[in-house]
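Position 1 is the first residue of the sequence, and the numbers go up from there. Keep in mind that the numbers below use all heavy atoms, side chains included, and drop hydrogens, waters and symmetry copies.
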Amino acid sequence: MEAGRPDTITPEKLAVLRRRGVTRVSVNPQSMEDNVLRAIGRAHTAEDILSAYQIVRDAGIPAVNMDLIAGLPEDTLSGFQGTLDQVLALDPENITVHTLALKKGARLMLEQHPLPSGAETAAMLDYAWAALRQAGQVPYYLYRQKYMSGALENIGWCKPGYEGLYNICIMEELHTILALGAGGSTKLTDPATGKIVRITNPKYPKEYIERIDQLCAEKRPLVDFHRAMASRP
């Protein structure tokens with residue numbers, strides 16, 4: 001379960017998730033530097049992240065993931081090191097270290113905040129590699145995107161035994177994804193042939209609501225796909 005912004009995490013929600021069998025929750029600070037969080041438009045603070053993390057732990061969720069991003073606006077090597085050190089002190093089971101990927105037209109590009117250089121971002125990842133290894137975490141999946149700072153990568157780390165099978169399957173495009181709501185993109189993956197069929201919903205809620213009957217009709221392939229999968233030996 002992606003917990004989202006810290007202000008959306010409540011003991012009541014976590015209690016429901018725990019009762020329903022959720023075993024892994026992501027609490028994603030991106031950074032523990034308040035000036036960096038302001039630069040990327042986040043309303044929360046590092047202190048809010050600590051509070052949210054404690055709520056998840058108090059709920060008894062067995063595994064917690066925390067996402068960090070190297071190369072964020074206003075960040076520095078020492079700032080990133082401090083972020084990672086604070087997260088490691090919390091002792092989550094999984095830590096994902098992303099590299100900033102900026103696309104043309106993105107708000108951060110338009111606002112032109114100062115960004116760490118590719119070399120400085122690489123130094124952040126080097127620090128993460130050493131610190132996470134020292135903490136007993138191991139890398140278990142990697143992927144790259146376009147426009148990543150320094151042409152670097154995203155790496156998922158975990159304590160041994162806490163590998164997220166979902167992450168591996170999604171990155172390797174081995175698994176079907178069912179998406180609901182405006183902007184959702186369903187991906188039907190045939191494990192026998194490797195063929196992938198995508199069904200994309202309209203981006204905006206108004207369009208989604210106005211076309212709901214048409215969209216439901218267009219998703220008939222989804223039903224046929226699952227019936228075909230179920231009929232295979």
Side-chain angles (χ1 to χ4, degrees), residues 1-5 8-9 12-28 30 56 59-69 92-99 101 103 137-148 153-233:
M1 174 66 68
E2 183 76 45
R5 302 186 313 273
T8 69
I9 302 174
E12 293 78 13
K13 291 178 182 177
L14 269 296
V16 172
L17 296 177
R18 187 72 179 97
R19 287 199 305 270
R20 297 298 182 182
V22 171
T23 59
R24 187 185 305 257
V25 169
S26 288
V27 179
N28 298 329
Q30 319 302 359
V56 175
I61 301 294
V64 177
N65 173 75
M66 302 187 81
D67 280 6
L68 307 179
I69 302 179
E93 285 71 27
N94 296 73
I95 297 175
T96 305
V97 181
H98 295 271
T99 299
K103 297 181 179 179
Q137 298 233 1
V138 294
Y140 74 97
Y141 79 94
L142 175 152
Y143 69 101
R144 302 182 70 193
Q145 298 166 268
K146 292 181 179 179
Y147 312 118
M148 297 184 78
E153 65 277 325
N154 305 319
I155 301 178
W157 294 79
C158 69
K159 295 180 180 180
Y162 285 93
E163 294 81 0
L165 181 60
Y166 170 85
N167 290 330
I168 297 171
C169 289
I170 295 307
M171 293 307 131
E172 296 294 330
E173 295 195 309
L174 300 173
H175 202 287
T176 288
I177 300 172
L178 302 180
L180 307 176
S185 180
T186 289
K187 181 168 66 175
L188 306 177
T189 303
D190 187 328
T193 65
K195 181 181 178 180
I196 296 174
V197 176
R198 288 178 170 82
I199 304 173
T200 304
N201 292 339
K203 179 178 180 181
Y204 298 105
K206 184 175 185 294
E207 295 175 288
Y208 182 82
I209 293 169
E210 290 175 346
R211 294 176 52 197
I212 188 65
D213 291 337
Q214 176 189 346
L215 293 170
C216 289
E218 291 174 353
K219 292 189 176 181
R220 180 68 197 184
L222 191 153
V223 177
D224 297 337
F225 174 84
H226 280 282
R227 283 179 176 169
M229 294 297 103
S231 66
R232 289 182 181 176

Problem set entry | Side-chain touch H98/D67, heavy atoms, less than 4.5 angstrom | yes

Exercise. Rounded to the nearest 0.5 Å, how far does NZ of K187 lie from CD1 of I196?
Worked result: 5.5 Å

Problem set entry | Approximate separation, where rounding is to 0.5 Å, of T189 OG1 and E172 CD | 12.0 Å

For this session: Evaluate side-chain contact (heavy atoms from CB on, under 4.5 Å) for L188 paired with L222, printing each intermediate quantity in order.
Result: CA-CA 7 Å; L188 306 177; L222 191 153; 4.3 Å; yes

Exercise. Just wondering, do H226 and T176 contact through their side chains at under 4.5 Å, heavy atoms?
Worked result: yes

For this session: Quick one: closest heavy-atom pair of K146 and A101, and the distance?
Result: O-CB, 3.6 Å

For this session: Step by step, work out the side-chain contact (heavy atoms from CB on, under 4.5 Å) result for K13 and V16.
Result: CA-CA 5 Å; K13 291 178 182 177; V16 172; 5.8 Å; no

For this session: May I ask you to decide if Y143's main-chain N or O and E153's side chain share a donor-acceptor pair within less than 3.5 Å?
Result: no

Exercise. For S185 and N201, what are the C-alpha separation, side-chain angles and deciding distance, and is it a side-chain contact (heavy atoms from CB on, under 4.5 Å)?
Worked result: CA-CA 6 Å; S185 180; N201 292 339; over 6 Å; no

Exercise. Nearest 0.5 Å, what's the CG-CZ distance between N28 and R5?
Worked result: 13.0 Å

Problem set entry | Exercise: identify the closest heavy-atom pair between K159 and P92 | CE-O, 3.6 Å

Exercise. Does G164 offer a backbone N or O that forms a donor-acceptor pair with the side chain of Y140 under 3.5 Å?
Worked result: yes

Exercise. Are N94 and E163 close enough, and set up right, to give a side-chain contact (heavy atoms from CB on, under 4.5 Å), and what steps lead you there?
Worked result: CA-CA 8 Å; N94 296 73; E163 294 81 0; over 6 Å; no

Exercise. Within a reach of under 6.0 Å around CZ of R232, are more than 12 heavy atoms found that belong to other residues, nucleotides or ligands?
Worked result: yes

Exercise. Going from CD on Q137 to SG on C158, what distance comes out if it is rounded to the nearest 0.5 angstrom?
Worked result: 6.5 Å

Problem set entry | Under 3.5 Å donor-acceptor, T186 side chain and A179 backbone | yes

For this session: Can you sort out the partners of S231 under side-chain contact (heavy atoms from CB on, under 4.5 Å), two or more places apart, ordered by chain and number?
Result: none

Exercise. Heavy-atom count around Y204 OH within 6.0 Å, excluding the residue itself: above 12?
Worked result: no

Seminar exercise, completed: Interatomic distance, OG1@T23 vs CG@L17, rounded to 0.5 Å, equals 11.0 Å

Exercise. Going by an N to O cut-off under 4.0 Å, is there a salt bridge joining E93 and R24?
Worked result: no

Exercise. Hey, is R211 close enough to E207 for a salt bridge, meaning N to O under 4.0 Å?
Worked result: no

Problem set entry | Residue pairs, two or more places apart or on separate chains, that pass ring pair (Phe, Tyr, Trp, His ring centres under 6.0 Å) and touch residues 157-183 | W129-W157

Problem set entry | Donor-acceptor contact present, side-chain D190 to main-chain A192, <3.5 Å | yes

Seminar exercise, completed: Partner of T96 under side-chain hydrogen bond (donor to acceptor under 3.5 Å, both in side chains), picked from N65, N154, N167, is N65

Exercise. Heavy atoms, side chains only, cut-off 4.5 Å: are D224 and R220 in contact?
Worked result: yes

For this session: Indicate the atoms forming the closest heavy-atom contact of L14 with A59, along with that distance.
Result: CB-CB, 3.5 Å

